[in-house]
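A short worksheet on the structure shown next.
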Amino acid sequence: MTLARRIIPCLDTDGARVVKGVNFVSLRDAGDPATLAARYNAEGADELVVLDIAASRDRRPTFLETIRRVAAQLAIPLSAGGGIRSVDDARAVIRAGADKITVNTAAVERPALITELSKEFGAQAVVLAIDAKLNSRSTATLGCAAVGDSARISPSEANRQTPHWDVRVRGGRDSAHLDAQAWAQLAVELGAGEILLTSMDRDGTQSGFDIALTNAISNSVSIPVIASGGAQSPQHFAEVFTAGAADAALAASIFHDDTQSIRALKQFLASQNIEVRLPC
């Protein structure tokens, strides 16, 4: 894991445009992906993530063109995903200019995909995206998934005094019937090199990162965890890096809307003795 904490803007795309919503719904147009990428590159972002939230076959050519346009603006690493279901899909995304690929639903449905991607491109290029939602009863079954061969996760009794988070798939619409912490641990065994952890409960709310969720996942895996969902203030980032133990923090709305500059955010974090790479 790196000592310096990373700040990562995220571009959720629906076709050729960036969109943003609240709790994964009520999407609004947020701008042109290449224009935003150029801005974040200049402002000192450490990496950039581009996700195709439509993730349908008819949008694949559009998404690959978006990756090409974005990559042309960057001198920083680019992660891209959405609808990647095979090594061939991932290869197309990397050839379009991405340095890393992210997988979510397809990996839940067929966990062996993580291993295949890791063997082909290296673990450092495989980011498992986990969309997590607090279980309404603060418990979750750590047992078998209803899909694919995720049944490798062994049954275990949940501690009812401890919060648990369900893994959600298909853009957050469906439950995978998996415990987020158990799934993250299995993903490490399968070859994932990083986890992009999004709190569905906090997504777009600007109420702060889910510290309990981030801390639980960060302290249960040996790979870097990117916290996502709920960022608004510099203090939120400081909290997720300290109390949440995150290696990186991702945000969208506050950067897209110019509510928070990356340069000022990093200066604040440095003033709090949190190591970051300050832009020139």
Side-chain angles (χ1 to χ4, degrees), residues 2 4-13 18-28 30-31 33 36-37 39-41 43-51 53 76-79 81 102 104 127 129-134 165 168 171-172 180 194-218 224-279:
T2 58
R5 308 301 185 181
R6 290 170 290 149
I7 302 299
I8 305 176
C10 180
L11 307 180
D12 291 323
T13 67
V18 176
V19 295
K20 195 66 190 81
V22 177
N23 303 131
F24 284 40
V25 296
S26 302
L27 300 178
R28 61 178 174 83
L36 288 171
R39 189 177 103 200
Y40 298 144
N41 186 79
E43 285 185 3
D46 295 293
E47 298 182 21
L48 187 71
V49 169
V50 179
L51 301 176
I53 64 168
I76 56 176
L78 170 63
S79 298
T102 70
N104 188 339
V127 182
I130 298 179
D131 296 333
K133 186 174 180 61
L134 182 66
W165 293 267
R168 307 288 294 190
E194 197 163 28
I195 290 173
L196 171 54
L197 178 66
T198 299
S199 166
M200 286 192 61
D201 303 293
R202 301 296 182 94
D203 177 70
T205 65
Q206 298 189 13
S207 59
F209 293 98
D210 189 327
I211 301 301
L213 168 63
T214 308
N215 181 276
I217 301 299
S218 295
V225 172
I226 305 168
S228 171
Q232 182 192 47
S233 69
Q235 187 59 40
H236 289 158
F237 286 84
E239 290 168 357
V240 83
F241 287 138
T242 53
D247 299 274
L250 177 149
S253 298
I254 62 169
F255 297 144
H256 300 342
D257 298 338
D258 247 346
T259 304
Q260 175 66 60
S261 82
I262 294 173
R263 183 180 299 274
L265 171 59
K266 286 190 169 186
Q267 290 171 340
F268 171 81
L269 293 172
S271 75
Q272 302 299 303
N273 296 316
I274 296 170
E275 186 171 349
V276 292
R277 297 181 185 90
L278 291 170

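Looking at K133 and D201, a side-chain N of the basic residue comes within less than 4.0 Å of a carboxylate O on the acidic one, giving a salt bridge.
One distance of note links CD of E43 with CG of L36; it measures 10.0 Å at 0.5 Å rounding. To the nearest 0.5 Å, atoms OG1 (T242) and CZ (R5) are separated by 9.0 Å. The OG1 atom of T198 sits 8.0 Å away from the CG atom of L51 when rounded to the nearest 0.5 Å. With rounding to the nearest 0.5 Å, the separation of OH in Y40 from CD1 in I8 is 13.5 Å.
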Assess whether side chain to side chain contact (heavy atoms under 4.5 Å, CB included) is satisfied between D258 and R39, documenting all intermediate values. CA-CA 11 Å; D258 247 346; R39 189 177 103 200; 3.6 Å; yes
Report the C-alpha distance between W165 and I130 in whole Å, list the side-chain angles of each, state the deciding distance to 0.1 Å, and finish with yes or no for side chain to side chain contact (heavy atoms under 4.5 Å, CB included). CA-CA 10 Å; W165 293 267; I130 298 179; over 6 Å; no
Applying side chain to side chain contact (heavy atoms under 4.5 Å, CB included) to I7 and L269, what does each step give before you reach the verdict? CA-CA 10 Å; I7 302 299; L269 293 172; 3.9 Å; yes
Step-by-step side chain to side chain contact (heavy atoms under 4.5 Å, CB included) determination, I226 to D247: CA-CA 6 Å; I226 305 168; D247 299 274; over 6 Å; no
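Looking at D131, its side chain never comes within 3.5 Å of a backbone N or O of M200 through a donor-acceptor pair. Checked by atom type and distance alone, the side chain of R202 never pairs as donor or acceptor with a backbone atom of G229 at under 3.5 Å.
N41 places none of its side-chain heavy atoms less than 4.5 Å from the side chain of L48. Looking at heavy atoms from C-beta onward, Q260 lies in side-chain contact with P234 at the 4.5 angstrom threshold. Under the 4.5 Å side-chain criterion, counting only non-hydrogen atoms from C-beta, F237 is not in contact with V276. No side-chain heavy atom of I195 sits less than 4.5 Å from a side-chain heavy atom of V127. L78 is not listed as a side-chain neighbour of E47, based on a closest heavy-atom distance of 4.5 Å or more.
S218 and V225 get closest at one heavy-atom pair: OG-CB, 3.6 Å. The two atoms that bring A270 and L278 nearest to each other are CB-CD2, 4.3 Å, heavy atoms only. Smallest separation of non-hydrogen atoms from V18 and H256: CG1-NE2, 3.8 Å. P9 approaches I262 most closely through the heavy-atom pair CG-CD1, 3.7 Å. Between S228 and L250, the closest heavy-atom pair is OG-CD2, 3.3 Å. Between S79 and T102 the shortest heavy-atom distance is CB-CG2, 4.2 Å.
The salt bridge (charged side-chain N to carboxylate O under 4.0 Å, His left out) search around D46 returns K266, R277, not counting sequence neighbours.
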